[in-house]
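Beneath this line is the structure, given in structure tokens, with notes to follow.
Read the numbers this way: they start at 1 and go in the same order the structure lists the ligands and their atoms.
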Amino acid sequence: MVSDPPYGIAYAKGSGGKGKHTVRNTETIAGDAEPFDPAPWIDFADVILWGANHFAARLPHGRWIAWDKLAGMEAFDSFSDVEFAWHKGRGKDRIFSHLWKGICKASEKGIGKERYHPTQKPIALMEFCIRQCSDAGTIIDPYMGSGTTGVACANLGRAFIGCEIEPRYFDIACRRIEDAQRQGRLIA
Ligand SMILES: C[S@@+](CC[C@H](N)C(=O)[O-])C[C@H]1O[C@@H](n2cnc3c(N)ncnc32)[C@H](O)[C@@H]1O
């Protein structure tokens, strides 16, 4: 299970009474007004959860993956320069450096590489996560948003199951994953 769930940030910031976490004043993340409960997922064989620093108290011991979003660039905005994922089990903590700050991006630049989701992750980051997991079995992302984990699975030839509650993001995810699968077939 590799996922980037709603973190419960609106709850953590004490604005839960408004119902949803506001992103760029217009976009909202379903489920983000409540504290995220990782309990249903912890018994999966392999689990990577992004945003887990926001619900770390509900998690057993694990290792941490830090995504360094500046990748050597000097800090220049008011947003976080790093994001954290929890990986079930024992092992060394790891850093993944990949520039992803506004228009400054190490990947997915240019025409046809739109930003589809307010908390969209880089495909390269999700490929790194999948490589951290055992190489057998299907990857599931129960909160797939625009389908980045599914695209990473298509690129790596892994079977994938994704869920998304918002129909518009579900449609985007299906399209992105199908495009990646077609691309994979062209390359193969
Ligand atoms: C942090 S976003 C994931 C973004 C994704 N990593 C990407 O690259 O696009 C979490 C997603 O979970 C979805 N979600 C929230 N509650 C859900 C639920 N109960 N079932 C399925 N999806 C849900 C939200 O609509 C949101 O798109």
Side-chain angles (χ1 to χ4, degrees), residues 1-13 15-16 18-24 26-42 44 47-56 58-59 65-67 69 79-80 82-87 96 98-103 105-109 112-133 138-156 158 160-181:
M1 189 266 198
V2 177
S3 195
D4 176 31
Y7 307 155
I9 288 174
Y11 173 84
K13 284 185 174 168
S15 56
K18 289 179 184 158
K20 285 186 172 181
H21 173 54
T22 302
V23 180
R24 289 170 153 193
T26 54
E27 297 177 73
T28 57
I29 306 293
D32 199 30
E34 309 296 329
F36 180 70
D37 181 7
W41 312 109
I42 286 172
F44 276 60
V47 184
I48 293 181
L49 283 169
W50 282 95
N53 48 311
H54 297 290
F55 45 88
R58 295 163 170 239
L59 291 166
I65 298 170
W67 168 28
K69 302 166 83 166
F79 297 100
S80 294
V82 63
E83 292 193 26
F84 296 97
W86 173 86
H87 189 181
F96 181 80
H98 192 85
L99 180 63
W100 196 264
K101 278 282 197 178
I103 57 165
K105 291 161 78 183
S107 61
E108 298 172 61
K109 295 178 277 195
K113 305 287 183 192
E114 295 86 1
R115 187 165 179 255
Y116 302 100
H117 193 286
T119 61
Q120 189 171 326
K121 295 283 182 286
I123 297 165
L125 174 70
M126 301 319 283
E127 289 179 356
F128 171 82
C129 290
I130 291 160
R131 288 196 182 98
Q132 302 297 301
C133 297
T138 299
I139 302 285
I140 179 168
D141 183 348
Y143 307 94
M144 70 173 166
S146 62
T148 310
T149 312
V151 172
C153 283
N155 291 350
L156 297 175
R158 295 292 298 263
F160 175 72
I161 296 172
C163 309
E164 170 54 47
I165 204 166
E166 294 275 4
R168 68 193 168 115
Y169 292 135
F170 180 81
D171 290 345
I172 289 169
C174 290
R175 185 166 49 76
R176 289 183 76 206
I177 295 166
E178 284 162 10
D179 285 352
Q181 286 171 336

Looking at Glu114 and Tyr116, would you say the former's side chain and the latter's main chain have a donor-acceptor pair under 3.5 Å?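 No, Glu114 side chain to Tyr116 backbone: no donor-acceptor pair under 3.5 Å.
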Output block, N or O contacts of ligand 1, threshold 3.5 Å exclusive:
unit_1, atom_1, unit_2, atom_2, d
ligand 1, 6 (N), Asp4, OD2, 2.8
ligand 1, 8 (O), Lys121, N, 3.0
ligand 1, 8 (O), Thr148, OG1, 2.6
ligand 1, 9 (O), Ser146, N, 2.8
ligand 1, 9 (O), Ser146, OG, 2.6
ligand 1, 22 (N), Ile165, N, 3.1
ligand 1, 25 (O), Glu164, OE2, 2.6
ligand 1, 27 (O), His117, NE2, 2.8
ligand 1, 27 (O), Glu164, OE1, 2.9
ligand 1, 27 (O), Glu164, OE2, 3.2

Who pairs with Arg58 by side-chain contact (heavy atoms from CB on, under 4.5 Å), at least two apart in sequence or on another chain?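 Expected list: Pro35, Asp37, Pro38, Phe55.
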Can you sort out the partners of Gln132 under side-chain hydrogen bond (donor to acceptor under 3.5 Å, both in side chains), two or more places apart, ordered by chain and number?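 In terms of side-chain hydrogen bond (donor to acceptor under 3.5 Å, both in side chains), with neighbours along the sequence ignored, Gln132 is linked to Arg63.
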When the side chains of residues 139-149 are checked against the rest of the protein, which donor-acceptor pairs come out under 3.5 Å, sequence neighbours left out?
unit_1, atom_1, unit_2, atom_2, d
Asp141, OD1, Ser3, OG, 2.5
Asp141, OD1, Tyr143, N, 3.0
Asp141, OD2, Thr149, OG1, 2.7
Tyr143, OH, Trp41, NE1, 3.3
Ser146, OG, Arg176, NH1, 3.0
Thr148, OG1, Arg176, NH1, 3.1

Centres of the Tyr169 and His117 rings: under 6.0 Å?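 Here the rings of His117 and Tyr169 have centres that are less than 6.0 Å from each other.
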Phe128 and Phe96 aromatic ring geometry - parallel, tilted or perpendicular at 30°/60° bounds: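 Because their plane-to-plane angle lies in the 30° to 60° range, the rings of Phe96 and Phe128 count as tilted.
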